[in-house]
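Structure record follows, encoded as structure tokens.
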Amino acid sequence: MNNHEILLRYLDSAGVDRFVPRAALIDMDGTLYDSMPNHATAWHTLATEIGIPSTREEFFLYEGATGAYTLCRLFNRALGRDATPEEISRLYKRKTELFAAQPAVGLMPGARQLLEFFKSAGTKRIVVTGSGQDSVISRLTTDFAGLIEAGNIITARDVKKGKPDPEPYLMGMKRAGVSAAEAIVIENAPLGVTAGHRSGAFTVGVTTGPVPRAELEKAGADIVYDSMEECARLMPALFQEMAVTSRR
Ligand code: CA
């Protein structure tokens, strides 16, 4: 499908005549930062420490969810029950230590160019992350100075449910003062794409890790790019098409 067809399909499903991208709601891990390998290693090490068999790869599938969600997935598989609040608090603290002990994560190539394009287009930028890792969150406003403002970051601490629930993205829209038909979500993980899709926003999937494009399409992505660099390169053409595509 070309951009025009993709947009018409979105407009039909959303039940609106036009899409105006007034705000971009952007995921952090695996989207702005190349941080997923470190997260996967930290989770895999933690699971091994508490005697639950796992693979590094599975944590890419839980990506975007809160720590509590991931711990309950592991506990249900191994023990047939959710983790208790005490276990969640203690084990997430340990996971945070394991994550922080690894080499600093780098910026995802293409992320800055995409944010610069959004800024030039007059589109607000809101970071929407399931993370509670201060070691990365605190870097956002310096790594992306002039592009991301401190008041425009939604983290795990701001939400009750977290991705794949649409709550974080609905909160991002509220923060930006826009409706679903004015919000474009940028996500790299299936659970995050599902959250974006359920929020009603136009949802862009970007494959930046081992999860294949089909998983993002299945999760509800309106369009999928193969890298953040490609996303940044092709976004201006998508915006041009948004400006002229209407159901009437
Ligand atoms: Ca992510």
Side-chain angles (χ1 to χ4, degrees), residues 9-10 13-14 23-33 35-36 39-40 42-44 47 54-77 81-83 85 88 91-92 95 99 108 126-133 136-137 153-176 178-181 183-225 228 231:
R9 187 182 57 174
Y10 169 81
S13 70
L25 312 178
I26 309 146
D27 170 56
M28 183 177 80
D29 287 303
T31 300
L32 295 178
Y33 290 101
S35 43
M36 276 314 297
H39 279 291
W43 279 119
H44 179 57
S54 70
T55 63
R56 271 182 91 252
E57 286 65 37
E58 75 175 282
F59 296 104
F60 286 90
L61 291 172
Y62 304 156
E63 185 191 337
T66 60
Y69 177 97
T70 301
L71 284 165
C72 286
R73 287 289 291 259
L74 285 174
F75 268 61
N76 272 292
R77 195 179 67 211
R81 64 169 176 90
D82 280 348
I88 288 169
L91 295 175
Y92 191 61
K95 187 263 171 173
F99 179 77
M108 188 64 80
I126 312 283
V127 174
V128 179
T129 176
S131 175
Q133 305 290 337
V136 184
I137 294 167
I153 303 170
I154 310 256
T155 75
R157 280 183 290 277
D158 299 310
V159 299
K160 285 194 186 71
K161 293 171 190 154
K163 305 168 188 175
D165 193 277
E167 181 196 17
Y169 281 115
L170 293 172
M171 198 170 282
M173 290 173 201
K174 202 171 166 195
R175 187 73 59 92
V178 302
S179 67
I184 179 166
V185 162
I186 310 292
E187 262 290 351
N188 76 308
L191 294 177
V193 165
T194 297
H197 178 65
R198 286 190 195 158
S199 78
F202 184 90
T203 303
V204 175
V206 187
T207 55
T208 63
V211 175
R213 139 187 299 267
E215 289 290 324
L216 300 185
E217 287 168 349
K218 205 168 74 189
D222 292 291
I223 190 168
V224 178
Y225 295 116
M228 282 295 280
C231 181

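Please read all numbers here as calculations on a predicted model, not as lab measurements.
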Take Ser54 and Arg77, measure what side chain to side chain contact (heavy atoms under 4.5 Å, CB included) needs, and give me the verdict at the end. CA-CA 10 Å; Ser54 70; Arg77 195 179 67 211; 4.0 Å; yes

Give the C-alpha distance, both sets of side-chain angles, the deciding distance and a yes or no for side chain to side chain contact (heavy atoms under 4.5 Å, CB included) between Met228 and Ile186. CA-CA 9 Å; Met228 282 295 280; Ile186 310 292; 4.2 Å; yes

Using the side chain to side chain contact (heavy atoms under 4.5 Å, CB included) rule, take Val136 and Ser131 through it: C-alpha gap first, then chi angles, then the decisive distance, then the call. CA-CA 9 Å; Val136 184; Ser131 175; 5.7 Å; no

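You'll find the side chain of His44 reaches within 4.5 Å of the side chain of Phe59, heavy atoms only. Contact of the Val211 side chain with the Pro190 side chain is registered, since non-hydrogen atoms from C-beta on lie closer than 4.5 Å.
The backbone N or O of Pro164 sits less than 3.5 Å from a side-chain atom of Arg198, completing a donor-acceptor pair. In terms of modelled atom types and a separation under 3.5 Å, the side chain of Thr203 and the main chain of His197 share a donor-acceptor contact. Remark: the backbone N or O of Asp222 is paired with a side-chain donor or acceptor of Arg9 at under 3.5 angstrom. Here the side chain of Glu63 pairs no donor or acceptor atom with the backbone of Ala189 at under 3.5 angstrom. Side chain of Thr208 to backbone of Gly30: a donor-acceptor contact under 3.5 angstrom is found. Judged purely by atom type and a 3.5 angstrom limit, Glu217 has no side-chain atom pairing as donor or acceptor with the backbone of Val224. Not one N or O on the side chain of Asp165 forms a donor-acceptor pair closer than 3.5 Å with the backbone of Gly162.
Taken from CG in Leu61 to CZ in Arg73, the straight-line distance is 8.0 Å, to the nearest 0.5 Å. Rounded to the nearest 0.5 Å, atoms OG (Ser199) and CG (Leu170) are 5.5 Å apart. Atom CG of residue Leu216 and atom CD1 of residue Ile223 lie 12.5 Å apart, to the nearest 0.5 angstrom. A distance of 13.0 Å separates NZ in Lys174 from CD1 in Ile126, rounded to the nearest 0.5 Å. Separation of atoms CG (Leu25) and CE (Met171) is listed at 12.5 Å; rounding is to 0.5 Å. Taking CD1 from Ile26 and CD1 from Ile154, the interatomic distance works out to 12.0 Å, rounded to the nearest 0.5 Å.
The two residues Met36 and Phe60 come nearest to each other via the heavy atoms CB-CE2, 3.5 Å. Here the closest heavy-atom approach between residue Asp27 and residue Thr31 is recorded as OD2-OG1, 2.8 Å. Heavy atoms only, all atoms of each residue included: Gly172 and Val128 are closest at CA-CG2, 4.4 Å. Across Cys72 and Ile88, no two heavy atoms sit closer than the pair SG-CD1, 4.3 Å. Residue Val193 comes nearest to Ala221 through the heavy atom pair CG1-N, 3.3 Å, listed as atom of the first residue, atom of the second, then distance. Between Ala183 and Ala201, the shortest heavy-atom contact is O-CB, 3.2 Å.
Tested against Leu71, the residues Asn76, Leu91, Asp82, Thr66 include a single side-chain contact (heavy atoms from CB on, under 4.5 Å) partner, Leu91.
Note on ring orientation: taking the six-membered ring where Trp is involved, the planes of Tyr92 and Trp43 are tilted (angle from 30° to 60°). Taking the six-membered ring for Trp and thresholds of 30 and 60 degrees, Tyr62 and Tyr69 have ring planes more than 60 degrees apart, a perpendicular arrangement.
For Lys163 and Glu187, the salt-bridge test passes: some basic side-chain N is under 4.0 Å from an acidic carboxylate O.
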